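Have a look at the structure below, then the notes.
Note that this is a predicted model, so its numbers are computed, not measured. Reminder, nothing fancy here: chain letters follow the sequence lines and each chain counts from 1. Any value given below was found using the heavy atoms of this structure, including those in side chains, with hydrogens, waters and symmetry copies removed.
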Amino acid sequence: MTLKEELKEKKSAIVQKWIDAALASYHKDAQGALRQTKAQFTNPAGFNLAQGLDGLFDALLEGVITDSVATFLDMTVRLRAVQDFAPSEALAFLIRIKQIVRDELGRERLDAPGVRTDLAAFDAAADDLMLYAFDLYMQCREKIYDIKAQEARSQTYRLLQKAQSIADKE
Amino acid sequence: MSKLPKPAELAKVSYNNPATDWMDTPVEFKPGMYCHGSKPKSLEIVGFPNPRDWRPADADWKLPENWKEILIEGIADRLKKYRSFRLFMDICVRCGACADKCHFFIGTGDPKNMPVLRAELIRSVYRKEFTTAGKILGRMAGARDLTLDVLKEWWYYFYQCTECRRCSVFCPYGIDQAEITIIGRELLNLLGLNIEWIAGPVSNCYMKGNHLGLEPHTIVGNLEYMLDDIETVTGKRIKPSFNRKGAEILFVTPSGDLFADPGTYTCMGYLMLFEELGLDYTWSTYASEGGNFGFFTSNEMGKRLNSKIYAEAKRLGVKWILGGECGHMWRVLSQYMDTWNGPADFLEVPKSPITGTVFENAKSMKMVHIAEFTADLIKNNKLKLDPKRNDHLTVTWHDSCNVSRGMGMLEEPRYVLRNVVNNFVEMPEDTIREKTFCCGSGTGLNASEDMELRMKGGFPRANAAKFVHEHYGVNMLANVCAIDRATLKPLMDYWVPGVNVCGLHELVANAMIMKGEKERTTDLRGEPLPNVQAKEEKA
């Protein structure tokens with residue numbers, strides 16, 4: 001069995017642990033509610049996290065991280081980019097997938113021939129994913145500042161229009 | 001160069017949130033999560049206590065020495081005055097039904113944003129000071145002392161609640177968290193602990209009649225710009241009247257409609273509708289604010305700011321009052337105005353001069369919401385409408401908390417919408433009508449410095465809008481609330497680019513065929529109409 005096949009088989013357990021790793025950054029009293037990952041509209045935080053990580057894990061198995069992961073990444077990162085986390089805290093859960101996969105495989109399997117090479121490829125994909133996440137996180141933060149600037153502009157638009165027309169008359 | 005951590009140090013990072021009990025987790029002021037503190041001038045103008053320069057993140061809040069006494073007395077007063085408050089302090093069984101219903105909890109993952117825990121912030125002090133069990137058993141009975149940390153926690157979290165009341169829909173006892181937040185904010189105001197985004201508009205409104213502090217010539221001037229734009233689109237020059245004695249109807253709308261897009265397009269819609277009807281109405285540059293940020297400050301302040309509406313109606317000698325599109329304005333007017341500043345027995349029961357419909361629902365307060373008014377016009381076939389002009393839009397409806405959950409106005413705006421657009425799609429069931437999700441920026445939290453809070457609080461609403469955008473091509477989020485119009489736009493920009501925001505009467509005016517109008521080629525925003533677009537493409 002190749003590493004990819006094995007990880008595919010263990011997908012649900014691995015993704016669950018990945019979700020747990022992300023939820024661990026919230027206070028214990030909040031985790032129960034956030035864990036309701038089926039409620040798309042009443043618990044969008046848990047739902048998007050679970051759906052996003054599920055899709056990202058499939059991408060990692062393919063070993064190629066491209067723009068096609070954007071939707072899933074967005075589901076996991078956009079909310080955390082405005083939550084009370086330092087940038088590193090906001091994204092740390094993504095690289096935890098490396099340790100989760102190792103824990104799930106067990107020491108014996110890790111030493112098996114071929115696994116180490118395959119795992120290196122998996123790790124490389126996880127690293128790429130992290131780089132994409134970093135870009136998205138920055139886009140989100142920049143968007144917040146852009147929105148603040150737009151809001152200030154929209155609030156003063158009529159004033160500027162007025163000032164302009166007074167200036168024109170003079 | 002700053003010191004970089006060594007790999008070994010980095011490896012010590014704990015990924016887990018420290019799990020301390022809520023009472024042992026002191027509040028931490030995070031940037032983006034709170035608004036600026038009230039300025040002394042804003043408090044002085046309305047005679048509020050403790051005006052001084054202060055910053056919420058500072059250790060010293062410059063409180064009066066006897067601040068605890070003031071607060072405990074304040075609680076005692078309100079327990080006597082409001083039976084609901086005493087009830088809500090006593091009856092919660094902490095079943096948790098409300099816990100995950102708050103948009104701020106969903107978006108922040110902060111347990112203190114669970115409605116039950118937000119209420120517990122005050123309840124714990126109530127138990128300690130006002131119940132025997134709390135006095136004797138202390139923490140075992142869920143009681144705690146009122147300390148500076150507790151006060152700061154109140155301030156932080158009572159300004160992270162938009163009084164939307166979604167939690168109360170799910171509470172088996174019907175505990176209304178909005179009322180607890182209202183009292184919490186009243187208590188904070190006894191110590192001069194408001195936010196400037198509320199205190200500033202309150203003082204503006206008190207001095208100049210509206211939140212934005214627009215003076216009469218500015219109100220007229222701003223409307224003039226809109227009249228120019230209307231003339232460009234329709235070829236018709238409208239001449240509204242201001243402060244006109246003897247008009248049949250006084251029109252009052254939130255001042256946001258006069259000032260910033262996309263509210264201004266809604267305002268153009270009102271002007272066009274009234275012109276088409278030949279309505280005998282007047283604007284007032286004195287009662288120039290339908291909204292009421294005083295309501296987010298204290299009951300007394302809400303009453304003071306509201307008093308100008310009946311006073312102006314009396315001065316002008318109108319028969320009844322028509323209200324523009326606003327959320328909290330409608331709740332304040334419907335639920336409070338009559339008992340605060342009524343009875344308005346000098347006014348008549350509102351009767352539409354166009355259809356003859358008597359608005360029995362407004363028998364006592366004498367004020368009608370424009371969505372009701374327009375729904376009645378359409379029902380009686382009094383408007384010539386061409387919904388095809390809105391065919392470039394696929395619209396969904398955001399139920400604004402105060403008008404829908406608060407006041408039950410669910411069908412009227414939908415009826416209007418169905419008649420003025422051909423493409424209307426509802427958002428998922430758990431996110432509309434009584435269970436609607438808040439915009440995340442209401443009750444005066446629509447400042448810019450708390451943008452992260454707003455984006456988190458509005459996340460559940462945006463998530464539902466995203467669903468209909470992706471599945472049904474929705475590109476317009478319509479509503480009847482001035483705060484929504486201002487705040488849903490940035491919310492959509494962050495979460496669902498491609499969805500715009502508008503008021504109901506912008507869509508009405510786009511669809512409405514006016515007598516003697518020129519052939520329209522654009523909508524009110526100056527965008528080409530769908531048929532014009534098609535013609536251009538053919539050519």
Side-chain angles (χ1 to χ4, degrees), chain A residues 20-36 39-49 71 74-75 78-86 88-89 92-93 95-96 99 140-141 143-159 161-162 165-166, chain B residues 10 13-22 25 28 30 32-33 96 99-101 105-114 117 218 221-222 225 258-261 264 427-431 435 437 448-449 451-456 459-460 462-464 466-467 486-487 489-491 493-495:
Chain A
D20 291 344
L23 291 182
S25 53
Y26 297 97
H27 192 278
K28 68 175 172 43
D29 293 340
Q31 289 176 22
L34 295 174
R35 218 173 281 281
Q36 309 297 320
Q40 182 173 0
F41 302 110
T42 51
N43 179 24
F47 175 85
N48 281 325
L49 180 69
T71 308
D74 202 277
M75 292 170 99
R78 189 165 293 272
L79 179 61
R80 293 178 71 90
V82 286
Q83 286 182 328
D84 298 344
F85 297 118
S88 57
E89 287 172 321
F93 73 100
I95 40 169
R96 293 216 53 208
Q99 191 58 46
C140 291
R141 295 306 311 168
K143 187 74 195 167
I144 291 292
Y145 296 114
D146 180 47
I147 287 171
K148 285 188 187 185
Q150 287 291 343
E151 209 166 63
R153 202 171 302 160
S154 145
Q155 281 161 7
T156 50
Y157 173 73
R158 292 279 165 186
L159 290 177
Q161 194 181 26
K162 196 163 195 137
S165 86
I166 292 168
Chain B
L10 279 173
V13 170
S14 163
Y15 296 104
N16 298 338
N17 192 303
T20 47
D21 188 73
W22 73 268
T25 312
E28 196 184 330
K30 303 263 174 97
M33 290 297 287
D100 58 351
K101 306 303 186 292
F105 170 69
I106 294 169
T108 61
D110 181 345
K112 285 181 190 167
N113 273 321
M114 292 175 176
L117 205 38
T218 314
N222 282 10
Y225 283 113
L258 304 173
F259 196 67
D261 300 341
T264 46
M427 283 183 276
E429 196 195 337
D430 284 333
T431 71
K435 289 186 270 184
F437 273 115
S448 285
E449 63 267 20
M451 192 57 75
E452 280 84 349
L453 174 71
R454 290 172 50 189
M455 293 300 120
K456 284 181 272 197
F459 168 54
N463 180 63
K466 192 176 181 197
F467 179 80
T487 65
K489 191 164 182 324
L491 189 75
D493 281 351
Y494 185 73
W495 291 105

Of the listed residues (L453(B), I106(B), D430(B)), which shares the most heavy-atom pairs with chain A below a 4.5 Å separation?
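Between L453(B), I106(B), D430(B), the count favours I106(B).
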
If you round to the nearest 0.5 Å, how far is NZ of K30(B) from CZ of F85(A)?
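Going from CZ on F85(A) over to NZ on K30(B), the span is 8.5 Å.
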
In Å and rounded to the nearest 0.5 Å, what is the OH to CG distance from Y494(B) to L79(A)?
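Separation between the atoms: 7.5 Å.
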
Between E452(B) and Q83(A), is there a donor-acceptor pair closer than 3.5 Å when you use the side chain of the first and the backbone of the second?
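No; zero donor-acceptor contacts below 3.5 Å.
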
W495(B) backbone acceptor or donor facing K466(B) side chain under 3.5 Å
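Pair absent, no side-chain N/O of K466(B) close to backbone of W495(B).
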
With a 4.5 angstrom heavy-atom cut-off, could you sort out which part of Q40(A) is near chain B: side chain, backbone, both or neither?
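Both backbone and side chain.
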
So what's closer than 4.5 Å to chain B heavy atoms on N48(A): side chain, backbone, both or neither?
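Side chain only.
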
Evaluate salt bridge (Lys or Arg N to Asp or Glu O under 4.0 Å) for R96(A) paired with D20(A), printing each intermediate quantity in order.
CA-CA 11 Å; R96(A) 293 216 53 208; D20(A) 291 344; over 6 Å; no

Measuring heavy-atom distances to chain A, does [X] have an atom under 4.5 Å in its side chain, in its backbone, in both, or in neither?
X       : answer
M33(B)  : side chain
P428(B) : side chain
T487(B) : neither
S448(B) : both

From CA spacing to verdict: side chain to side chain contact (heavy atoms under 4.5 Å, CB included), V82(A), I144(A)
CA-CA 9 Å; V82(A) 286; I144(A) 291 292; 3.7 Å; yes

Using a 4.5 angstrom heavy-atom cutoff, name the option from A30(A), A33(A), A152(A), P44(A) with the most pairs to chain B.
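Sorted descending by pairs with chain B, the first entry is P44(A).
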
Looking only at heavy atoms and a cut-off of under 4.5 Å, which of Q31(A), K143(A), E151(A) has the most pairs with chain B?
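Max contact count across the listed options: E151(A).
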
Please determine, by modelled atom types, if T264(B) and D261(B) share a side-chain donor-acceptor pair under 3.5 angstrom.
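Distance-only check passes for T264(B) and D261(B).
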
